[in-house]
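If you're wondering where the values come from, they're calculated on a predicted model, not measured in any experiment. The sequence lines fix the lettering, A, B, ..., with proteins before strands; numbering per chain opens at 1.
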Amino acid sequence: MDLSPILNSLNEAQREAVTAPVGPVLVLAGAGSGKTRVLTHRIAWLIQTENVSPHSVLAVTFTNKAAAEMRARIEHLLRVSSSALWLGTFHGIAHRLLRLHWREAGLVQSFQILDAEDQLRVIKKVLKAQELDENRWVPREVQYFINKHKDEGRRPQHLKHAVDGTEAQMIKLYAQYEENCARSGVIDFAELLLRAYELWRDQPELLRHYRARFRHVLVDEFQDTNAIQYAWIRLLVGSDGAPFVVGDDDQSIYRWRGARVENLHKFREDFPQAKLCRLEQNYRSTASILEAANALISNNSGRLGKTLWTSGARGEPVRLYAAFNERDEADFVVTRILEWSQRGGLRRESAILYRSNAQSRSFEEALISARVPYRVYGGLRFFERAEIKDALAYLRLITNHEDDASFERVVNLPARGIGARTLDTIREAARAAGSTLWSAAQSAPDALLGRSAAPLRAFQQLIESLGVAIAPLPLHEQVDHVINASGLIAYHQKDKADRGEARVENLLELVSAARGFDPEGDAPPLQNFLAHAVLESGEGQGTDSDDCVQMMTLHTAKGLEFPLVFLAGLEDGLFPHQRSLNDLESLEEERRLCYVGMTRAMRTLYFTYAEQRRLHGVDNYNSPSRFIQELPPALIEEVRPRIRLPHAADVAISGLGASASRALRQSSFSEVLGGSMRLGTRVRHGKFGEGTVLNIEGQGPQARVQVNFEQQGSKWLMLQYANLEVM
DNA sequence: CGTGGGCGGATTTTT
DNA sequence: TCCGCCCACG
């Protein structure tokens, strides 16, 4: 047997991990060290040399993208279909199990999945039913409470010991939410995992079956597992299984949503015989970038320890730009990107990374005015759009009449004369009878419903008849029929604005998505499609082919790489974020986030910060991020010479600590590029005296500038006449 | 029933 | 500043 494709391309450490004897293995894989490669090659190795059947391999990831990539790579390596092996996200695998064993899991066969938005709606409904004030009981907080406990494996009945009235109420809401979901036959994301865990925990024969089957369990991004995910893995693996987990404690950035880095430590305790492999050779970045990243992360405590190195070139130094404000910061970045493409680089090779989405705006404005195409990641995805969710709600309600969330969503969409009053009546009847909205509506006497009775009967008739009509149709025709017969298409066509047109297009796109959908398993395609829509909300819909500057948050950037990277907004209070400044654990997570960002860069890495930043309508004068101070000065090259700050900002920062003020004053922004005025340029005017350029509009002789004069305050001046002297 | 104005809040996000 | 949500009005 020829093993060269599996082993040849590996370095020593990677090969050791891939060929480790079957048994527990923990791979500490640094950024860019070939983590996915090790995972996929391990699977190929098991199948080819250990005679492991693909049937007995289970591999879990966190994102659909990672799962898809792994599957593609394995098929490429083995040159066979990998359909026999279970490879998917935690949620996807849990869903698969629950579909197979819905009865044992205590679910209805047609159960549907709630996404985060649906979940919030259900919570709001529960609050309303309890007549609780949403200002006192913030739906998002209730949602957080519920998910947090589910992520830790706790049911309401485990939470009897409330410390105070607030917690007692929360527990009550949690229980009521659960009842609601059970009645409607829906489960949320956290519930998928918890149910899958309880399924195995409470069904010993089932667990035995799966233990015997999945002799090889592999976990990607292990540092991101939460308590229930790890407990689930542990159940499956038992005490004598062979888990192969890959992770990096330095890239743990999801503690805030339940991820437990400690699982790495726990794994070593739970499997003391586990083989530990470290992947430290990096194939992505230059030595300069790696040294800076190593220096930064060494400030964290309690690391498992790992130092990235490369056999590659030292490369350019990491650069730092102190911008005057966020506009100057954006201009600087755009100018560098223009230079990059003038030298033959592709735009899509560059990425602007930031801490929070709000930061994208100034970059977008600068990119638009420079006519540079860009793509912002994050935001609404295809299956999350309102009109798509409306259409899906029809399909869900047809599949399962008891789905209250879907019922509420479409019962009066398009408007058919079933108003809020009627809905209240139905809700009340449902509450009294302990039934769902659908059955309450069905059994409500006409007298109770008044003039809404007829439209309501018509609606239920519509749902029933849609169910009959689409039963024999292929999937895409089912979708097509429903969006038309429900009146959704006509409803949006009536909206003459652009958005109406866009929504119709999206609905038609949904039909195409259904046409191209490849159902797996033998469940009805529609049910499959509906689950797919929730679990894979539609990343990759975007046009990857276009050559665009890539813009995203640092969190989104994890796992990606770019030749040219800008880490923007390196200011205390923004990054690290204000809410993480006072807590060591959170601060360390921010530092890891910075480390993740830095290690995205292959060739060129820029840090930028703004001395003045307008946020939520007010000017902030933050000191440069403490992370910048943590980088060895020898590795950093400041882009501009240092000159004193102008008066106005000087005053504004006087409230800061001494070192922060010093750091700010040392930074500069005074410059005239190519003879043109720049933001932050210090100027002198014959009458008004000295000031700083705050704003520039127009070009050439028509240009106007806004100058903040130290004595006279801010004024707009025509550049042509003002006779400004650049200082 | 749909929209416009007033109000409050404003990390990070996948599934 | 800006966006989303709620309520009041047409």
- For B:dT11, decide between syn and anti, treating a glycosidic angle within 90° of 0 as syn. syn

- Message: List the residues meeting side chain to side chain contact (heavy atoms under 4.5 Å, CB included) with A:A190, not counting sequence neighbours, and say none if there are none.
- Response: A:N147, A:K150, A:D151, A:D188

- Message: Tell me whether the side-chain N or O atoms of A:R355 pair up with the base of B:dT12 as donor and acceptor below 3.5 Å, since no angle test is needed here.
- Response: yes

- Item | Salt-bridge present (A:R303, A:E588; N to O < 4.0 Å) | no

- Query: Does A:R381 make a side-chain N or O approach to OP1 or OP2 of B:dT15 shorter than 4.0 Å?
  - Reply: yes

- Task: Report the nucleotide, chosen from B:dA10, B:dT14, B:dT15, that has the shortest atom-to-atom distance to any side-chain atom of A:R257.
- Result: B:dT14

- Message: Does B:dT11 have its OP1 or OP2 closer than 4.0 Å to a side-chain nitrogen or oxygen of A:S580?
- Response: no

- Query: With respect to the phosphate group of B:dT13, does any side-chain polar atom (N or O) of A:N357 fall under 4.0 Å of OP1 or OP2?
  - Reply: yes

- Message: Side chain of A:E590, heavy atoms from C-beta onward: which of B:dC1, B:dT11, B:dT14 has the nearest atom to it?
- Response: B:dT11

- Query: Reckon A:T553 has a side-chain N or O less than 4.0 Å from the OP1 or OP2 of B:dT13?
  - Reply: yes

- Message: Taking the minimum atom-to-atom distance to the side chain of A:N412, which one of B:dC1, B:dT14, B:dT15 wins?
- Response: B:dC1

- Query: Can a side chain N or O of A:Y254 be found less than 4.0 Å away from OP1 or OP2 on B:dT11?
  - Reply: no

- Message: Just the rounded figure in Å: distance from P of B:dT11 to OH of A:Y144.
- Response: 15 Å

- Would you call A:R592 and A:E589 a salt bridge, taking side-chain N to carboxylate O under 4.0 Å as the test? yes

- Message: Check for me whether A:R375 meets the cation-pi criterion with A:Y377, that is, NZ or CZ under 6.0 Å from the six-membered ring centre and within 45 degrees of the ring axis.
- Response: yes

